[in-house]
Amino acid sequence: MEDYLNLLNKGQRDAVLYNDGPSLVIAGAGSGKTRVLTYKIAGLMQSGYAPSSILALTFTNKAAKEMKDRIATIVGEEQAKRLWMGTFHSIFYRILRMEADKIGFSESFTIYDTSDSRNLLKSIIKGMKLDDKTYNPNKVHSRISQLKNNLVTPQSYMGRSDLHETDMHARMPAIKDIYFAYTERCLKAGAMDFDDLLLYTNILFRDNPGTLYKYQQIFKFILVDEYQDTNFAQHLIIKKLADKHHHICAVGDDAQSIYSFRGANIANILNFKDTFPECKLFKLEQNYRSTQNIVNAANSLIDKNKEQIKKNVFSENDEGSLIEIISTYSDTDEAAAVARRIEEMYKGKYNDFAILYRTNAQSRILEDQMRKRSIPYKIYGGLSFYQRKEVKDLLSYFRLTTNHDDEEAFKRIINYPARGIGETTLNKIADCALTHGVSYWDVISDTLRYNLPVNSGTALKLGAFKTLIEEFSQEAKTRDAFAIADMIVKRSGILNELFQERSPENMTRQQNIEELLKSIHEFCEKRQEEDGEENVLLTDFLQEVSLLTDQDTDTEENTDVVTLMTVHASKGLEFKNIFIVGMEEELFPSNMSTGSEDGIEEERRLFYVAITRAQENCVISYAKSRFRNGSTNYCNPSRFLKDIDPKLLKLPQDYMLSHGRVVSPDANSSRFEMFRRQNPSNYNLQVKQRESSGGFKANQPRFSQPLSNRQSSFKPLSNNPNSISAVSNTNFGNIKVGTFVEHEKFGIGKVIELEGTDGNCKATIMFKNMGQKKILLKYAKLKVLNDK
DNA sequence: ACTAATAACATTTTT
DNA sequence: TGTTATTAGT
């Protein structure tokens with residue numbers, strides 16, 4: 001263990017060894033920040049700190065897991081797993097559950113994800129009869145999020161005239177009321193959103209000095225990674241917890257602060273020494289990752305920012321090659337040029353390449369070109385596994401099972417799979433719940449007491465649903481998570497629903513459900529082995545999974561593919577060769593950020609992050625025209641290109657650096673391009689035809705995500721076309737009692753009763769998998785099965 | 001109650 | 001352009 005110090009440079013060593021008081025470690029890009037953190041934690045354990053007395057906070061589960069693994073190799077797994085290591089949200093979720101009674105929640109409270117929050121806000125805004133254009137749910141949500149991050153509760157909102165003013169100015173005077181209602185509804189539903197985890201932690205510590213004291217005692221040493229990305233709520237939690245012993249170490253890089261749109265406050269790191277005046281400052285300035293040219297280019301760029309901690313990042317690696325700039329006429333050309341360049345630079349490993357872009361929308365066009373050249377690739381981001389409909393549906397069952405009051409989960413599954421409880425009924429329940437101030441579940445639990453105006457048939461269906469969920473939760477008390485999950489999938493009807501049709505959509509859904517079940521199984525086994533828990537409960541799994549993102553699921557490491565992702569997603573990663581595409585005004589910097597100097601500086605930091613991902617080569621490209629939001633726009637190269645020392649750039653011929661504008665036509669322009677410029681409207685058609693006949697399917701890489709729109713255009717396969725005759729809407733003659741029919745949704749069934757005639761003929765059909773249903777022949781697309 | 005059609009809309013997103 | 005949410009029609 002002693003010899004690890006030899007693996008560190010002077011700055012790293014000093015940072016690792018100083019443990020007497022607060023310290024701030026400013027770690028430049030690629031300077032071995034993780035190494036310092038891991039050795040520091042390992043060192044603390046060696047010098048007598050129990051692992052359970054160390055709190056280490058990160059921003060991603062992935063970062064936490066990686067660090068834990070690395071520490072485990074030094075001190076052993078037994079010790080490492082006792083550390084309090086995780087994201088802010090997951091650690092304080094754990095604590096909040098243990099202390100739930102002190103803040104008016106039940107210990108089984110659930111987490112609303114972003115879309116849950118938005119749905120709830122939408123229904124509140126609707127309920128208040130406000131215009132959802134002025135009160136755009138997204139805007140309202142980010143406003144509320146901002147308030148929570150700054151620890152403004154609905155109560156404290158009352159006395160803040162400055163906030164009212166802001167709302168008036170934004171022409172949203174009702175924000176206050178919406179915020180109030182939202183908080184109420186979350187409380188009723190026994191749910192917290194992501195921001196609440198931090199807000200309520202602060203409230204817990206504020207109102208319960210004893211509890212705060214307890215955790216101050218527990219956490220004898222606190223470390224925080226990526227401190228530049230903390231918001232005020234997180235900053236204050238840390239401040240409170242460290243208040244007793246001042247054993248705190250914050251690590252970060254102000255130059256890499258790129259999440260201010262989510263409430264991160266760069267001032268937290270810039271003013272850290274004001275919070276802890278006796279704080280020691282360490283700077284890690286040697287970059288081990290990149291060539292000198294890349295480091296110097298990045299330095300010259302970030303130098304243009306005013307707000308920053310002075311530092312001198314340097315590299316002793318090779319000088320390396322210049323930053324290459326590629327200019328093209330169109331976005332399609334750009335993607336093609338990048339793909340071509342990758343092929344040229346390819347030396348046997350696609351893993352060495354990453355393409356970074358500002359917005360996810362840019363990925364598709366790159367994807368097309370990669371397919372064309374049959375370069376294997378993988379896209380990070382897009383819709384996460386946990387946001388897929390079928391996964392969310394199943395998770396909603398879990399949520400409602402563990403917390404009956406969870407309103408958003410309730411709404412999702414009350415009629416999924418279809419059980420004849422439609423919009424009308426749901427609206428009645430919602431009204432009823434609102435007027436009586438109770439949860440949806442309370443209403444259906446006692447429809448008489450709350451005067452729910454439904455007929456006996458509906459009441460019966462509601463009762464059946466209630467019983468179903470209650471059975472699940474009864475079982476969930478004793479049996480393990482996997483058993484319950486398996487039972488829910490089968491008994492809820494989800495499985496039947498998915499096995500109705502053999503459509504490609506359903507196939508992937510089945511796979512996703514299976515994958516989720518598999519992960520539950522693995523989770524249970526892991527917990528059993530690690531903690532010796534006899535029964536891993538569903539609540540345990542939910543606690544884990546509610547805060548998990550796609551990035552956390554293990555990626556097959558031994559696949560050799562080019563990585564495509566947003567710049568944001570690339571933070572913390574490194575690649576031999578980096579391509580940064582779409583380096584244009586309006587796009588990078590984004591036109592949403594150009595309004596303020598702060599916005600521009602953040603975009604510049606974002607570009608800094610992108611460049612510093614590269615170890616050896618960095619290629620930057622821009623197009624002069626780009627298809628965006630349905631129309632072609634002409635664009636200029638990004639202002640940030642001028643911020644890089646021109647000596648470090650290899651510029652295209654047509655780039656006039658002195659003016660920073662495109663003044664001369666591209667010498668390489670093809671005839672096709674000239675044509676396109678004159679006929680921009682015809683261009684798309686041409687491209688489309690070219691691509692659709694291009695046969696990209698043949699070389700489809702194994703690990704790329706299928707393009708969703710293409711996949712959904714496939715038609716479901718019918719089982720045996722020859723044996724089926726379609727029934728026209730006017731003739732039901734061939735349907736009799738005893739006839740076997742196939743319904744699009746419900747599958748195969750036998751007609752057991754017929755009533756009415758012609759236009760409103762109803763059939764009662766016993767379906768194989770779905771049970772008995774009444775079907776209006778006029779609307780149902782039934783197929784009569786002749787043989788059988 | 002469900003599907004098809006149309007209108008409206010678009011950053012980044014560790015949790 | 002692509003997606004998503006509401007609406008109209010069967």
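What you see below is based on every heavy atom in this structure, not just the backbone, and it leaves out hydrogens, waters and symmetry mates. Letters go in sequence order (proteins before strands), and every chain restarts at 1. Source: prediction; values computed, not measured.
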For this session: Could you tell me the separation between the CZ atom of A:R419 and the P atom of B:dA1, rounded to a whole number of Å?
Result: 13 Å
Exercise. If we take the P atom in both B:dT13 and C:dT4, what is their distance in whole Å?
Worked result: 15 Å
For this session: Please determine which of A:M67, A:E226, A:K65 meets the side-chain contact (heavy atoms from CB on, under 4.5 Å) test together with A:T58.
Result: A:M67
Exercise. Closest to the A:L547 side chain: C:dT6, B:dT11, B:dT15?
Worked result: B:dT15
For this session: Pick base, sugar-phosphate or nothing for A:S590, based on heavy-atom distances below 4.0 Å to the nucleic acid.
Result: base
Exercise. For DNA chain B, whose closest nucleotide is more 5', that of A:M592 or that of A:D195?
Worked result: A:M592
Exercise. Any sub-3.5 Å donor-acceptor pair from A:Q228's side-chain atoms to A:I269's backbone N or O?
Worked result: no
Exercise. When the distance from CD of A:E544 to C1' of B:dT15 is rounded to whole Å, what number comes out?
Worked result: 14 Å
Seminar exercise, completed: Looking only at B:dT14, B:dA10, B:dT11, the nucleotide nearest the A:F59 side chain is B:dT14
Exercise. Within the pair A:N61 and B:dT15, is there a side-chain N or O less than 4.0 Å away from OP1 or OP2?
Worked result: yes
Seminar exercise, completed: Side-chain atoms of A:T359 come closest, of B:dT12, C:dA5, B:dT15, to B:dT12
Exercise. Is any side-chain N or O of A:R628 closer than 4.0 Å to OP1 or OP2 of B:dC9?
Worked result: no
Exercise. Is any side-chain nitrogen or oxygen of A:N360 closer than 4.0 Å to OP1 or OP2 of B:dT13?
Worked result: yes
For this session: Determine the contact category for A:S631: base if any of its heavy atoms lies under 4.0 Å from a base atom, sugar-phosphate if only primed atoms, P, OP1 or OP2 are that close, otherwise nothing.
Result: nothing
For this session: Answer with base, sugar-phosphate or nothing: what part of the nucleic acid does A:Y259 contact at a heavy-atom distance below 4.0 Å?
Result: base
Exercise. Atom OH of A:Y93 and atom P of B:dT15: how far apart are they, to the nearest Å?
Worked result: 15 Å
Exercise. Taking the six-membered ring for Trp, are A:Y93 and A:F109 parallel (under 30°), tilted (30 to 60°) or perpendicular (over 60°)?
Worked result: tilted
Exercise. Between A:N149 (CG) and B:dT14 (C1'), how many Å, whole number?
Worked result: 13 Å
Exercise. Quick check: does any side chain N or O of A:D193 sit under 3.5 Å from a backbone N or O of A:Y112, one acting as donor and the other as acceptor?
Worked result: no
Exercise. What does A:L57 touch in the nucleic acid at a heavy-atom separation under 4.0 angstrom: a base, only the sugar-phosphate, or nothing?
Worked result: nothing
Exercise. Between atom CD1 in A:I600 and atom P in B:dT12, what is the gap in whole Å?
Worked result: 17 Å
Problem set entry | Candidates B:dC9, B:dA10, C:dT1 - which lies nearest the side chain of A:K133 | B:dC9
For this session: Determine the contact category for A:G572: base if any of its heavy atoms lies under 4.0 Å from a base atom, sugar-phosphate if only primed atoms, P, OP1 or OP2 are that close, otherwise nothing.
Result: nothing
For this session: State which residue, out of A:K411, A:R399, A:R412, fulfils the salt bridge (charged side-chain N to carboxylate O under 4.0 Å, His left out) condition with A:D116.
Result: A:R399
Seminar exercise, completed: Rounded to whole Å, the CZ-P distance (A:R605 to B:dT14) equals 18 Å
Exercise. Do the charged groups of A:D229 and A:K571 touch, with an N to O distance under 4.0 Å?
Worked result: yes
Exercise. Is the base of B:dT11 syn or anti, where syn means the angle lies within 90° of 0?
Worked result: syn
Exercise. From C:dA5, B:dA10, B:dT15, pick the nucleotide closest to the side chain of A:T114?
Worked result: B:dT15
Exercise. How long is the line joining OH of A:Y380 and P of B:dT14, in whole Å?
Worked result: 13 Å
Exercise. Considering only heavy atoms and no angle criterion, is a donor-acceptor pair shorter than 3.5 Å present between the side chain of A:R358 and the base of B:dT12?
Worked result: yes
Problem set entry | Rounded P spacing from C:dA5 to B:dT12 in Å | 16 Å
Seminar exercise, completed: With the side chain defined as heavy atoms from C-beta on, A:E603 is closest, among B:dT11, B:dA10, B:dT15, to B:dT11
Seminar exercise, completed: To the nearest angstrom, the OH-P distance between A:Y386 and B:dT14 comes to 13 Å
For this session: Give one of base, sugar-phosphate or nothing for A:D229, where a contact means two heavy atoms less than 4.0 Å apart.
Result: base
For this session: May I ask you to say whether A:E334 pairs ionically with A:R626, meaning some side-chain N is under 4.0 Å from a carboxylate O?
Result: yes
Problem set entry | Toward the 5' end of DNA chain B, by each residue's nearest nucleotide, A:G422 or A:T566 | A:G422
